[in-house]
Structures are given as structure tokens and as C-alpha cells.
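Everything below concerns the one structure shown next.
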Amino acid sequence: MPGEERRTVFTPGFIKRSGGSVLVECGNTRVICCADADNHVPQWMRGSGKGWLTAEYGMLPQCSDSRINREKHLSSGRTKEIQRLIGRALRGVVDLSKLGERTFTVDCDVIEADGGTRTASVNGACLALALLFVGMHDRGELEESPMADFIGAVSVGIVDEMPISDLEYSEDSRAEVDMNVVMTSSGRFIEIQGTAERMPFSRDELDSLLGYAAGSIKRIIEQQKAVFSKEQLDWLVGRSFN
């Protein structure tokens with residue numbers, strides 16, 4: 001149905017050795033996201049007093065219908081693009097000056113793919129990072145939350161002349177318009193990736209798709225926030241972002 005996304009399920013604490021981890025399931029797409037911190041920063045940031053936040057993304061060989069070769073040395077262009085998207089999205093709501101001189105890395109590993117792996121990764125990465133921040137605060141390693149807002153992401157498109165939210169692979173493969181949207185819980189856009197696969201789309205169709213995306217992302221972020229207590233949420237995002 002138009003504007004309806006697949007059922008999304010978050011399972012926090014999925015990897016016990018990770019500082020913050022979550023299994024995100026979006027229909028038949030499943031991604032493990034883990035956030036961890038190291039006490040160093042890239043050389044170009046040393047002495048700045050700021051930290052760094054980055055992301056890595058990968059697909060397991062058996063996550064698709066046909067086996068995907070492991071990227072042993074060089075990442076593909078698609079992988080690099082998705083890693084940069086996840087990193088940009090997270091840095092859009094994190095104040096690097098509040099991290100200390102530490103590097104925060106979020107690993108997103110696709111264990112089953114049925115469309116929307118990049119948007120599921122953004123959703124899981126945001127939650128995994130928030131879990132890491134809360135854990136560090138509980139251990140006395142972070143006094144002030146570096147996080148200003150939650151983010152969510154969803155794919156939208158036009159399939160058989162109908163607007164669809166959260167496309168599975170069979171829909172994505174025949175979409176006339178395909179778009180990925182990343183937004184904050186306050187309704188601000190971080191990224192919009194939109195393409196006409198066949199016929200060009202109108203401004204009215206664009207506005208309609210963005211409306212469907214906003215509704216889906218609102219519901220996704222509500223699920224992310226439901227993982228935390230009120231006290232944890234107040235600490236995480238109870239301040240404005242400068």
C-alpha cells in the first residue's frame with residue numbers, strides 16, 4: 001500500500017562484545033550494526049581536541065540469491081558510496097567536539113538482502129551509536145552527549161505508477177522512480193538520493209514521495225527511541241545542536 005513500509009524490528013545488544021550493537025530487520029533485509037570507540041584519531045585530527053566518526057559497510061557472500069564475492073582488498077564503488085552515506089548521516093547529528101580525541105566506527109554487515117540495505121544500515125547505525133554513547137556515559141567515559149538528534153532513512157519510489165515506501169528488491173528492480181531519504185526526528189533532511197529510472201518525475205510526485213518518506217521515518221525513529229528510558233533520551237538528545 002502507498003506510504004506503508006515493511007515491518008522493522010530492532011534487537012539491541014545483538015553482539016555482546018560490541019560497545020553498541022543492534023540487529024535491524026526490515027522485511028527480509030537484515031543488517032548487524034556495531035558501534036565502537038578507539039582512543040585515537042586520524043593523524044590529520046591529532047591535537048584538534050575533536051573526535052572522528054566513520055562507518056564501514058559490507059555484504060556477506062550468502063546475503064543475496066547469488067553468492068557475492070568478499071571485498072578482500074579494494075571496496076567497490078557501491079560499497080564506498082554507502083559507507084560515505086552512513087558516515088555523513090551520523091555526522092549530521094553528532095558534535096565531533098564532544099567526542100574527545102577518539103575514533104568512533106560503526107560497522108554495518110548485511111546478512112540478508114531484499115532491498116533497502118543502505119537505509120536499514122543508517123537506521124541500525126544510529127541506534128547502535130546511541131547505545132554506545134549511553135553505555136559510555138554510564139561508565140563515566142562521556143559527560144555530555146555528542147548526539148543532537150536521531151536519524152532515520154527509508155527508500156521510496158514509484159512502482160507501476162503507484163508511490164511506494166520502503167521498497168523490497170522486487171519493487172526496486174522495476175521502479176520508475178527510486179529515492180533514498182535520510183531525515184532527523186525534527187524533520188530536517190540530511191540526504192536525498194533520487195533518480196528517474198525510466199520516465200522523469202514531476203515536482204508534485206517528488207513532494208508526494210518526500211511526504212511518504214517523512215511518515216515512514218517518523219515511525220522508524222519512534223521505534224529507535226523506544227529502546228531507551230526517558231532519562232537516557234533526555235541525556236542523549238536533550239539539548240540543541242550548535
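Please read all numbers here as calculations on a predicted model, not as lab measurements.
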Measuring only between side-chain heavy atoms, which start at C-beta, is [X] closer than 4.5 Å to [Y]?
X    : Y    : value
L96  : P146 : no
S155 : D172 : no
V93  : I190 : yes
V22  : V227 : no
M45  : T103 : no
K225 : L233 : yes
M59  : I82  : no
L99  : V41  : no

Say you draw a straight line from [atom1] of [X] to [atom2] of [Y]; how long is it, rounded to the nearest 0.5 Å?
X    : Y    : atom1 : atom2 : answer
L167 : T29  : CG    : OG1   : 11.0 Å
C34  : F14  : SG    : CZ    : 9.0 Å
D107 : S121 : CG    : OG    : 11.0 Å
I221 : L127 : CD1   : CG    : 11.5 Å
Q224 : I151 : CD    : CD1   : 7.5 Å

For [X] and [Y], indicate whether the former's side chain and the latter's backbone hold a donor-acceptor pair under 3.5 Å.
X    : Y    : value
E171 : E168 : yes
R91  : T54  : no
Q232 : V134 : no

Heavy-atom closest contact ([X] atom, [Y] atom, distance):
X    : Y    : answer
L129 : V106 : CD1-CG2, 4.3 Å
G13  : K16  : O-NZ, 3.0 Å
S21  : I15  : OG-N, 2.8 Å
F228 : A130 : CZ-CB, 3.6 Å

Tell me, please, which residues at least two apart from D109 pass side-chain hydrogen bond (donor to acceptor under 3.5 Å, both in side chains).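 With sequence neighbours excluded, D109 shows a side-chain hydrogen bond (donor to acceptor under 3.5 Å, both in side chains) to no residue whatsoever.
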
Taking CZ in R17 as the centre, count heavy atoms belonging to other residues, nucleotides or ligands within less than 6.0 Å. Is the count above 12?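 For R17, atom CZ is not crowded (no more than 12 foreign heavy atoms under 6.0 Å).
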
Under 6.0 Å from the CZ atom of R78, do we count more than 12 heavy atoms belonging to anything else shown?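 Yes - once you tally the heavy atoms of other residues, nucleotides and ligands closer than 6.0 Å, there are more than 12.
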
Mind checking side chain to side chain contact (heavy atoms under 4.5 Å, CB included) for [X] and listing every partner two or more places apart, or none if nothing turns up?
X    : result
D160 : R174, E176
S173 : Y169
R139 : M136, E141

Does the side chain to side chain contact (heavy atoms under 4.5 Å, CB included) test come out yes or no for F150 and L236, once each step is laid out? CA-CA 9 Å; F150 280 78; L236 269 172; 4.1 Å; yes

Determine, stepwise, if the pair F189 / V181 fulfils side chain to side chain contact (heavy atoms under 4.5 Å, CB included). CA-CA 8 Å; F189 293 102; V181 182; 3.9 Å; yes

Scan residues 34-49 for pairs that pass side chain to side chain donor-acceptor pair (under 3.5 Å), counting only residues two or more places apart or in two chains.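 As it turns out, the side chain to side chain donor-acceptor pair (under 3.5 Å) pairs with a partner in residues 34-49, which skip direct neighbours, are S18-D36.
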
Should V110 and V9 be regarded as members of a common hydrophobic cluster, given that ILVMFWY residues are connected when their side-chain heavy atoms come within less than 4.5 Å of each other, either directly or indirectly?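 No, V110 and V9 fall in different hydrophobic clusters.
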
Below 30° counts as parallel, above 60° as perpendicular, anything between as tilted: where do the rings of W235 and H137 land?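 W235 and H137: parallel rings.
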
With E81, which residues qualify under salt bridge (charged side-chain N to carboxylate O under 4.0 Å, His left out), at least two apart?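 If we apply the salt bridge (charged side-chain N to carboxylate O under 4.0 Å, His left out) test to E81, skipping adjacent residues, the hits are R118.
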
How far apart are the C-alpha atoms of M199 and I158, what are their side-chain angles, what is the distance that settles it, and do they pass the side chain to side chain contact (heavy atoms under 4.5 Å, CB included) test? CA-CA 10 Å; M199 295 294 292; I158 298 176; over 6 Å; no

